[in-house]
Amino acid sequence: MKTYPDLDININFRTGEIVGGGCLELARTLAEIRHIYKDSVELGGLEPTTPVYKTWAPPEPDEPALLYGTTLLLPGTVGDEYFMTRGHYHIKPGSGEFTVTLSGHGAAILMDKDRNTWWVEMKPGVATSVDGAIAHRAANIGDEPLVFLTCWMSDCGHDYDIIARMGFSQRLLKVGGNPTLV
Ligand SMILES: [Fe+2]
């Protein structure tokens, strides 16, 4: 029985691209994730077709397996709000994930079930881990693309819906040039 995905892969630390392993590339534009931003209507004057992030990951396996994937999150802001990923909880609270930053400068924005929000810095070589009960999203707080590698169990389940409806309790904004939770 094959338990783990094909690891005959090559990861580009600058672009996030994974070659091999049957990895699939998925791109997100502002139009697809506009609901997560404070300025979801005007988008800070940006075109809805503006690219925000790309991910690479292998297809979902038939049996539960340890999975991996990369994310390339471009630099930029929607008004004063950093480009960020959608964010989610895991449906299995005990099934978390591990992330290591490969390049760039970012923030892991985290929120517990009591809606306490905080963030931790992401920079090359720094690892973060969360359990599934902590909502998590990444923001690019630098001037270059942020690239990170994440590992998780394929059967952890992803709850994007509650974040889409309720958001995080605070937003990470660029205030006086510095990332600030507001
Ligand atoms: Fe996750």
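Ligands are counted one by one from 1 in listed order, and the atoms in each one are counted from 1 as well.
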Query raised in the report: How would you list, by chain and number, every residue that makes a side-chain hydrogen bond (donor to acceptor under 3.5 Å, both in side chains) with D39, sequence neighbours excluded?
Result: none
**Report entry** No-hydrogen, no-angle side-chain donor-acceptor test under 3.5 Å, E47 and T50
**Finding:** no
Query raised in the report: Considering residues, nucleotides and ligands other than E42, do more than 12 of their heavy atoms fall under 6.0 Å from its CD?
Result: no
Query - Protein N, O or S within less than 2.8 Å of the Fe ion (ligand 1), waters excluded - result: H88 NE2, H90 NE2, E97 OE1, H136 NE2
Requested in this report: State plainly whether the residues E144 and R14 are in salt-bridge range, i.e. N to O under 4.0 Å.
Outcome: yes
Query raised in the report: Between R171 and E81, is the closest basic N to carboxylate O distance under 4.0 Å?
Result: yes
Query raised in the report: When rounded to the nearest 0.5 angstrom, what is the spacing between CE in M84 and OH in Y53?
Result: 10.0 Å
